[in-house]
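Notes for the one structure printed next.
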Amino acid sequence: MIEFEGVSKTYPDGTTAIEQLDLVVPSGSLTVFVGPSGCGKTTSMRMINRMVEPTTGRILVDGEDIAAVPTVRLRQSMGYVLQGAGLFPHRTALDNAATTLRLTGMSRAEAREKARDALRLVRLRPELDDRFPSQLSGGQQQRVGVARALAADPPVLLMDEPFSAVDPVVRAELQAELLHLRKTLSQTIVFVTHDIDEALLLGDRIAVFGPGGTVHQYAKPQTILERPADSFVAQMVGRDRGFRSLGFQTDDLPVHPLGERDAQGAVTAHSSEGHSAEGPWRLLLDEEGGPVAWLRGESRIPAGEGHVAGAGLRSALDAVLASPADAAVVVDEGRAVGWLDRNAVLRALSVPEDRS
Ligand SMILES: Nc1ncnc2c1ncn2[C@@H]1O[C@H](COP(=O)(O)OP(=O)(O)OP(=O)(O)O)[C@@H](O)[C@H]1O
């Protein structure tokens, strides 16, 4: 657990970066600091590993005031990932990933062994281990940066705009990777970004920073979307708040059985309303059971991705709206497994969730 207690920071030139910050980052959580440029996110994060010292207040890590912890010991307990990875250009991916371990005095062989494990954890392909940063793509460099921070298995991971220097497709990939990694990691993560969508996607909790270094709201993503604390936060989260908040509402909608395949390899869509004169929509599946196309009479419409059971009401609504039939297909690892009834989704939307 990381606790900020009445923390303020005024730089020697008189700039106040942070004003009276009181905030608790729970152990094992991924907490995002989000806000426009210059509102003190990076300053707050750097105070956690004492790259910046507070002017007033104190910061506790697991109950210990970090002002009393030697900086070397403190930093060894915290991985740090920067924007643009910040790799050493003349070291290979493997040696870059081994850097922090070497600083702890570990032998080269052992450090490389552990670094190799970390590179596999972030899914860098083994054949890239011996490349230099200039021979890696931006996304691959960023993976090495994350591996370097994780290699020593520190209890705290500080990530400062780690994905902002890569293109949107690679960025989405790295975000998905981090969500995946979190299932196996126990680290307490503090993640800085100016992108509210990234914050909503990744954060267990989000602190919205505003001008003058004040935190306007510190809450779960769903709460930030549904109940922004003030007009500044409402403006940050922007348009489609209501629709986007559906993504955080769980769906426990019934899944109807898929039924038998016909001679063509298609299954007939579940319907609660009866079929039109042209007969029912059928969904053609490939050999592995993946949806290919909707068929009815002369019509053939490419099948969308379908809905993954439990993925939330936003995904369920999207799937039924995109389907030409009265039902959307439910998929598991790309294979069709059942049907989601459109009316059931619409009924679920009309019953407000308990938001207490
Ligand atoms: N070393 C410094 N000396 C003086 N002022 C500083 C220093 N570092 C940061 N600042 C100022 O403190 C304020 C907060 O900066 P900080 O980098 O923490 O904000 P940020 O929200 O992380 O912004 P960005 O997203 O642009 O990095 C800004 O006004 C900045 O100019």
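In each ligand, atom 1 is the first atom listed, and ligand 1 is the first ligand listed.
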Counting from 1 in the order shown, the ligand 1 atoms closer than 4.0 Å to a non-hydrogen atom of A17 are 12 (O), 13 (C), 14 (C)
Atom 23 (O) of ligand 1 [closest protein heavy-atom partner, distance rounded to 0.1 Å]: G38 N, 2.7 Å
Taking distance alone, with no angle check, do K41 and ligand 1 share an N/O pair under 3.5 Å? yes
At less than 4.0 angstrom from any non-hydrogen atom of C39, what atoms of ligand 1 do you find? 19 (O), 20 (P), 21 (O)
Tell me if the aromatic rings of F232 and F209 count as close, with their centers under 6.0 Å from one another. no
When you measure from atom 4 (C) of ligand 1 to the protein, is at least one non-hydrogen atom found at a distance under 4.0 Å? yes
Any donor-acceptor pair under 3.5 Å linking the side-chain atoms of Q187 with those of R182? no
Considering all protein heavy atoms, does one lie under 4.0 Å from atom 20 (P) of ligand 1? yes
Do R73 and E64 sit within salt-bridge range, that is, some charged N less than 4.0 Å from a carboxylate O? yes
Numbering as shown, the atoms of ligand 1 that approach T43 to under 4.0 Å (heavy-atom distance): 15 (O), 16 (P), 18 (O)
Is D129 paired with R120 through a side-chain N to carboxylate O contact shorter than 4.0 Å? yes
Side chain, backbone, both or neither: the part of I18 lying under 4.0 Å from ligand 1 by heavy atom: neither
So does K9 pair up with E19, basic N to acidic O under 4.0 Å? no
Should you measure from each heavy atom of G40, which atoms of ligand 1 turn up under 4.0 Å away? 14 (C), 16 (P), 18 (O), 19 (O), 20 (P), 21 (O)
May I ask you to list the atoms of ligand 1 that are less than 4.0 angstrom from any heavy atom of E161? 25 (O)
Can you find a side-chain donor-acceptor pair between D341 and H256 that sits under 3.5 Å? no
Could you work out the complete set of other residues in the hydrophobic cluster of L101, with links drawn between I, L, V, M, F, W and Y side chains under 4.5 Å apart? M106
